[in-house]
Amino acid sequence: MQQENEHHSTEQELIQNRIEKLERIRARGDNPFKHKFVRTTTIPEAVAAFTKAESVASETPPSQQATLAGRITALRCHGKSTFADLRDEGGKIQVFFGIKNIGEEAYAALDDIDIGDFIGVSGPIKRTRTGEITVFAESYTLLTKSLRPLPEKYHGLTDVETRYRRRYLDLVANPEVREVFRKRSRIVGALREWLDSRGFLEVETPMLHPIPGGATARPFITYHNTYDRHFYLRIAPELYLKRLIVGGFERVYELNRNFRNEGVDTRHNPEFTMLELYEAYQDYNGLMDETEELFVYVVEKVVGDLTFSYQGEQVCAGRPWRRIALHDAIREFAGIDLESTRDRDEAARRAESAGVEIDATLGYGKIVDEVMKERVVPHLVSPTFLYDYPVEISPLAKRKPDNPALTERFQVFMGRLELCNAFSELNDPIDQRARFMEQVKQREAGDDEAQHLDEDFITALEVGMPPTAGLGIGIDRLAMLLTDSPSIRDVILFPQLRTLD
RNA sequence: GGACGGGUAGCUCAGGCGGUAGAGCAUCGGACUUUUAAUCCGGUGGCCGCGGGUUCGAGUCCCGCCCCGUUCACCA
């Protein structure tokens, strides 16, 4: 215990110092944690109103009375006058405390105000001698006492571990981080607007799945006490959403979290946000058109321009987007043909001739997938549809009528990021059962990402699902792209890190 | 899991040739009624990630471990 105290002695001293101030405040009969404060306006509104009034009345700048609230981010004390920077969510304004304006008692009480405290302040807004827009405080009130020191004012908080583990400090110290998350919110809002305007119904399906399904991924396992059984955190909502199409909804979407028990890197977080939508009577070609429309809507709304830069490269999202069959793209970028063979070993030979290392356990479909990731995706900066994927790696997608080895599936890539996965949904229950059985075989052969047989889902398909196309969009990656963030952790408020003891 | 880089004051960072651990900001005390990274004077503050080892002596060298980042592998 004592060791622990000594270990934190410095920080403890800073905290202790503030606690003593807090006690002095209480001793004066003031409450350092107020319940409510009515402000007349926000800081950015007050600044905008002042600037506007000023531009109209050119000779004598008007002074406008305002009551503002915010956090003190800087204090400059000059004896009988003090300047503070006050910041709220949207902006910053300087506050001037003069002993003549607020009185000796209130001025003396400033001794117990620290950087980090929240205050409310009233007074006229004017420019100082040096031209800074400033509230000349006539009164102020402490709203919340802060007991811990904030990160340094000039450099902010740069330690990435602290930024992720204690995001509140990151948000306080680095205003641009708040902008990233505002933008993320606008992306999600724009997606919903587009979907809602087209009659898509937002639904919520289970997060606890008795059988993990809808994607090839390792699930998290959890346990329900009353039912005395294991559940899986969902890896995708797909099979439930398709059940809703069976039930008669024609346009549904779900925008929520998926959980996959796999590696963590700059593009993968164990929990991530996915938009999945399903549209009856549509196929993958029509869905490609709609996907373009949807993205263009969101990009224009959020970025304001269809050309933007991601990690130093220009992305041009203007329509039409390039559409190229996966096998054609492999021919173009990898210089090999994987379409004219279906033989696993031959495909592996050709892949290796293109310099792609192929693990002996990979089947034909995964070889194609591997070559795509290694040789094709790195070229896809501006938006590109790859379409017609091997049936082996697309167990929920409908086959092409003229080529049963391929499925009507597409993916969208932008900024070298995989953003979407979509297909004409397989609605033939007999084929679906066969595909599941193929997956089960792979699972038994040791592939623990292979999909499970979901008997109830087959039953639903037997009841009948109309022709349907479905699309999944990785929201985190879309947010990375549109905020020019290099890591998925930069667009997730509380990314997963190892817990500390 | 492998490779590389990092972990030093509350924050941002120096030091690293083995010889009593530094700066700026913050904080505390003093001066100051127009500053804005305020200024000036003085002070407090460190298990130098953790544990071993070598050594008269270890932030510094060696070994192991933990955490973070990048990357490769795996995946979306």
Side-chain angles (χ1 to χ4, degrees), chain A residues 3-4 6-18 20-21 73-86 92-102 107 111 114-116 126-134 136 147-166 169 172-173 214-218 235-236 258-274 357 359 361-362 366 369-370 373-374 377 411 413 417-421 447-449 472-477 486-489 495 497-501:
Chain A
Q3 273 185 332
E4 191 69 6
E6 280 171 17
H7 182 67
H8 295 291
S9 65
T10 306
E11 194 173 13
Q12 283 305 325
E13 276 169 21
L14 293 170
I15 293 168
Q16 191 50 43
N17 192 278
R18 288 179 179 224
E20 282 162 17
K21 290 176 177 175
T73 57
L75 276 171
R76 296 176 290 280
C77 180
H78 300 259
K80 296 193 172 71
S81 73
T82 296
F83 292 88
D85 291 342
L86 188 70
K92 191 180 93 172
I93 195 168
Q94 179 169 258
V95 183
F96 175 80
F97 299 97
I99 194 164
K100 274 200 325 212
N101 303 357
I102 60 172
Y107 194 85
D111 282 350
D114 286 300
I115 290 170
K126 294 184 283 195
R127 281 193 192 271
T128 59
R129 230 177 256 174
T130 53
E132 179 86 3
I133 298 172
T134 300
F136 284 74
L147 297 182
R148 284 175 184 266
L150 291 180
E152 201 223 18
K153 60 186 169 187
Y154 190 55
H155 299 91
L157 179 68
T158 63
D159 180 77
V160 283
E161 188 170 354
T162 309
R163 288 186 48 223
Y164 295 152
R165 284 193 196 278
R166 304 172 71 193
L169 288 180
V172 169
T216 46
R218 263 187 294 271
I235 55 177
N258 290 344
F259 306 85
R260 297 190 186 173
N261 203 341
E262 281 162 358
V264 176
D265 60 33
T266 50
R267 282 181 286 277
H268 302 265
N269 195 64
E271 52 181 303
F272 64 102
T273 302
M274 180 88 110
E357 266 188 58
D359 191 283
T361 60
L362 296 188
K366 291 205 170 179
D369 199 42
E370 190 65 22
K373 283 174 180 162
E374 289 271 319
V377 174
Q411 291 192 304
F413 297 86
L417 295 171
E418 180 191 324
L419 291 179
C420 301
N421 187 26
D447 182 354
D448 53 1
E449 282 164 3
I473 301 177
I475 301 304
D476 311 279
R477 289 178 182 180
S487 170
I488 197 168
R489 295 185 201 99
L497 296 182
R498 231 175 274 270
T499 50
L500 301 175
D501 295 326

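Below, chain A is the first sequence line, B the second, and so on; all start at residue 1. Everything numeric in this text was worked out from a predicted model, so none of it was measured.
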Could you go through nucleotides 68-71 of chain B and list every protein N or O atom that sits under 3.5 Å from one of its N or O atoms, giving the distance for each pair?
from    : atom 1 : to      : atom 2 : distance (Å)
rC68(B) : OP1    : R498(A) : N      : 2.9
rC68(B) : OP2    : R498(A) : NE     : 3.3
rC68(B) : O4'    : E161(A) : OE1    : 2.9
rG69(B) : OP1    : R489(A) : NE     : 3.3
rG69(B) : OP1    : R489(A) : NH1    : 3.4
rU70(B) : OP2    : R489(A) : NH1    : 3.0

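- Base orientation for rG45(B): anti, the chi torsion being more than 90° from 0.
- Stem analysis of RNA chain B (at least three stacked-register Watson-Crick or G-U pairs, each with both distances under 3.5 Å) gives B:1-7 with B:66-72, B:10-13 with B:22-25, B:27-31 with B:39-43, B:49-53 with B:61-65.
- Dashed line: the shortest gap from a side-chain N or O of K373(A) to OP1 or OP2 of rA76(B) is under 4.0 Å.
- Taking SG of C77(A) as the start and OH of Y107(A) as the end, the distance is 4.5 Å to the nearest 0.5 Å.
- The phosphate of rU27(B) (OP1 or OP2) has no side-chain N or O of N17(A) nearer than 4.0 angstrom.
- At whole-Å resolution of the value, CD in E271(A) and C1' in rC75(B) are 17 Å apart.
- Ring geometry for H78(A) versus F83(A): interplanar angle over 60°, hence perpendicular rather than tilted (30 to 60°).
- Between K21(A) and D111(A) there is no salt bridge, since no side-chain N of the basic residue sits under 4.0 Å from a carboxylate O of the acidic one.
- Counting any heavy atom pair closer than 4.0 Å across all strands shown, G156(A) reaches sugar-phosphate atoms only and no base atom.
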Show each protein N/O and nucleotides 36-38 of chain B N/O combination with a separation under 3.5 Å, one pair to a line.
from    : atom 1 : to      : atom 2 : distance (Å)
rU36(B) : O4'    : R76(A)  : NE     : 3.1
rU36(B) : O2     : Q94(A)  : OE1    : 3.4
rU36(B) : N3     : E132(A) : OE1    : 3.4
rU36(B) : O4     : T130(A) : OG1    : 2.0
rA37(B) : O3'    : K153(A) : NZ     : 3.3
rA38(B) : OP1    : K153(A) : NZ     : 2.2
rA38(B) : OP2    : R76(A)  : NH1    : 3.3
rA38(B) : N6     : C77(A)  : O      : 2.7
rA38(B) : N1     : H78(A)  : ND1    : 3.2

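- For the pair T158(A) and rC13(B), the criterion of a side-chain N or O lying under 4.0 Å from OP1 or OP2 is met.
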